[in-house]
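Note that the structure is predicted; figures quoted are calculated from it, not measured.
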Amino acid sequence: MAGKLDKMIAPDERVVYRTRRRMRNILANLFLIPTWVILVTQPLLWRREVGTIWDYIVVMLVTILCFVAVVTWNICTKTLVVTNRRFLCKTGTIKRKIHDIALSEVERVHCNRINYLVRHGIIRILAREITSLYYVPDAEDVCRAIRTELGLQQPPVLSRKLIVWGWLAFLFIVALSISFGNEAGWGFIGMSDWARTYMPLPQVLVFCLMVPFILGGVSAGYIVGPVLALTILRIFLSADEVKQLICLGYKPLAGDNWRSRLDRCFLRLGERYVSWLYGQPIRCEDDE
């Protein structure tokens with residue numbers, strides 16, 4: 001994969017960083033993905049009949065294998081090289097695409113961790129336009145190499161303590177949200193069963209009416225979950241540590257679509273809540 005990129009590098013050009021697919025990170029992710037899938041899907045399955053134990057095992061294996069295949073494909077089809085002049089990235093296999101960005105054109109670079117993977121993230125580079133790359137191995141190291149060449153300020157390195165607490169908070173929020181959505185869906189089914197004894201409803205109509213209940217439950221979980229998680233973390237983390245944690249979701253280069261605006265809205269609410277918890281203003285933009 002790197003051969004074509006190496007041919008693009010001039011003889012007087014110096015490679016300062018090249019993405020590495022470390023075997024320990026790959027093995028860690030192969031262990032983490034089934035763990036996340038099993039733990040997160042339990043709110044969907046507890047107290048519910050899912051057939052025999054073999055039905056449960058088959059469902060879990062298919063889900064895990066699909067997830068692993070998608071993640072592995074995204075990771076293994078990317079190669080990134082940072083030189084003292086350019087940022088080069090090659091993506092895809094059949095329909096390949098090469099990003100060639102001169103460092104002199106780069107205004108900002110930002111990296112977001114992928115919570116459920118080890119040392120993988122999302123890179124966004126602003127150079128005339130925003131380039132977004134997902135599932136990048138060693139994404140934070142790539143961003144640090146670019147910032148070093150440009151002389152930009154480096155963000156603080158997350159401690160192992162913050163990484164562990166971030167994983168636990170992420171798992172708690174996702175599991176709670178799925179649980180809320182699951183309970184809302186089954187609650188609607190209970191009401192619809194009662195209603196159908198008095199007025200017949202088509203199965204398709206019941207499903208269409210159930211979807212807003214599930215989405216509402218998931219949305220409620222995504223509001224209640226962070227509040228509970230941050231309240232618990234108040235006991236264990238300092239103001240600087242919790243700021244680093246909530247700012248992992250800060251996406252200054254994410255664009256201006258509806259999803260980005262929603263992410264920024266949730267981040268602002270999180271900033272206000274932790275500012276109230278710690279009795280001091282906490283904002284992610286203060287570090288820029």
Min side-chain heavy-atom separation Glu149-Val16 under 4.5 Å: yes

Is the side chain of Thr79 donor-acceptor paired with the backbone N or O of Lys90 at a distance under 3.5 Å, no angle test? no

Does the pair Leu277 and Val242 meet the rule for a side chain to side chain contact (heavy atoms under 4.5 Å, CB included), with working shown? CA-CA 11 Å; Leu277 279 178; Val242 81; over 6 Å; no

Can any side-chain N or O of Thr19 pair as donor or acceptor with the backbone N or O of Pro137 at less than 3.5 Å? no

Give me the atom names and distance for the closest heavy-atom approach of Ala229 to Ala169. CB-CB, 4.3 Å

With a 4.5 Å heavy-atom cut-off, do Arg147 and Gln153 have their side chains touching? no

Taking atom CZ of Arg234 as the centre, report whether more than 12 heavy atoms of other residues, nucleotides or ligands fall under 6.0 Å from it. yes

Single-linkage hydrophobic cluster Leu162~Val157, side-chain heavy atoms < 4.5 angstrom: no

Connected via hydrophobic side-chain network under 4.5 Å: Met8 and Val81: yes

Are Cys143 and Cys111 close enough that their SG atoms are less than 2.5 Å apart? no

Tell me the closest heavy-atom pair linking Gly221 and Phe180, and the distance in Å. N-CD2, 3.6 Å

So, does Thr91 use its side chain to make a donor-acceptor pair with the main chain of Lys78 at under 3.5 Å? no

Check against side chain to side chain contact (heavy atoms under 4.5 Å, CB included), Ile125 and Ile130: CA-CA 6 Å; Ile125 298 175; Ile130 297 175; over 6 Å; no

Starting at CD1 of Ile101, measure out to CG of Leu88 and round the result to the nearest 0.5 Å. 9.0 Å

Common cluster, Val174/Val227, ILVMFWY with side-chain heavy-atom separation under 4.5 Å: yes

Any heavy-atom pair between the side chains of Phe87 and Leu133 that's under 4.5 Å? yes

Tyr278 to Ala239 - nearest heavy-atom pair and separation: CE2-N, 3.6 Å

Atom pair CG/CZ of Leu248 and Phe170 - distance to nearest 0.5 Å: 12.0 Å

Got a salt bridge between Asp138 and Arg144, using NZ or NE/NH1/NH2 to carboxylate O under 4.0 Å? no

Passing candidate, side-chain contact (heavy atoms from CB on, under 4.5 Å) with Ile123, options Leu80, Thr131, Asn112: Leu80

Atom CG in Leu171, atom CG in Leu176: separation rounded to 0.5 Å? 11.0 Å

Check the pair Ile178, Val218 against side chain to side chain contact (heavy atoms under 4.5 Å, CB included), reporting the backbone distance first and the verdict last. CA-CA 6 Å; Ile178 293 177; Val218 171; 5.9 Å; no

Supply the atom-to-atom distance Asp100 CG to Cys89 SG, rounded to the nearest 0.5 angstrom. 11.0 Å

Can you tell me if Asn84 uses its side chain to pair, donor with acceptor, with the backbone of Arg14 under 3.5 Å? yes

Below 4.5 Å, heavy atoms only, C-beta onward: do Val142 and Arg18 meet side chain to side chain? no

Does a side-chain heavy-atom distance below 4.5 Å link Leu237 with Lys161? yes

Gln244 vs Leu158 side-chain heavy atoms within contact, under 4.5 Å: yes

Quick check for you: to the nearest 0.5 Å, what is the distance between Leu245 atom CG and Ile163 atom CD1? 10.5 Å

Salt-bridge criterion met for Glu107 and Arg128 (N-O under 4.0 Å): no

Contact check, side chains of Arg85 and Leu103, non-hydrogen atoms, under 4.5 Å: no

Smallest separation among heavy atoms of Tyr222 and Phe266, with atom names: O-CE2, 4.1 Å

Test item: Leu126 and Val106 side chains (from C-beta on) under 4.5 Å apart, heavy atoms: no

Identify, with sequence neighbours excluded, every residue that meets salt bridge (charged side-chain N to carboxylate O under 4.0 Å, His left out) alongside Arg268. Glu271, Glu285

Is there a donor in the side chain of Gln154 and an acceptor in the side chain of Thr148, or the other way round, less than 3.5 Å apart? yes

Is the closest side-chain donor-acceptor distance between Tyr273 and Thr231 under 3.5 Å? yes

Could you tell me which residues satisfy salt bridge (charged side-chain N to carboxylate O under 4.0 Å, His left out) with Arg113, sequence neighbours excluded, listed by chain and number? Glu140

Donor-acceptor contact below 3.5 Å, side chain Arg124 vs main chain Val109: no

For a quick test of reading the model, state the closest non-hydrogen atom pair linking Arg86 to Ile9 and the distance between them. NH2-CA, 3.6 Å

Check whether any side-chain N or O of Glu241 sits under 3.5 Å from a backbone N or O of Ser238 as a donor-acceptor pair, and report yes or no. yes

Please determine whether residues Leu269 and Ile173 belong to a single hydrophobic cluster, defined as Ile, Leu, Val, Met, Phe, Trp and Tyr linked transitively by side-chain heavy-atom distances below 4.5 Å. no

Check whether Val136 and Trp73 end up in the same hydrophobic cluster, where Ile, Leu, Val, Met, Phe, Trp and Tyr are linked by side-chain heavy atoms less than 4.5 Å apart. no

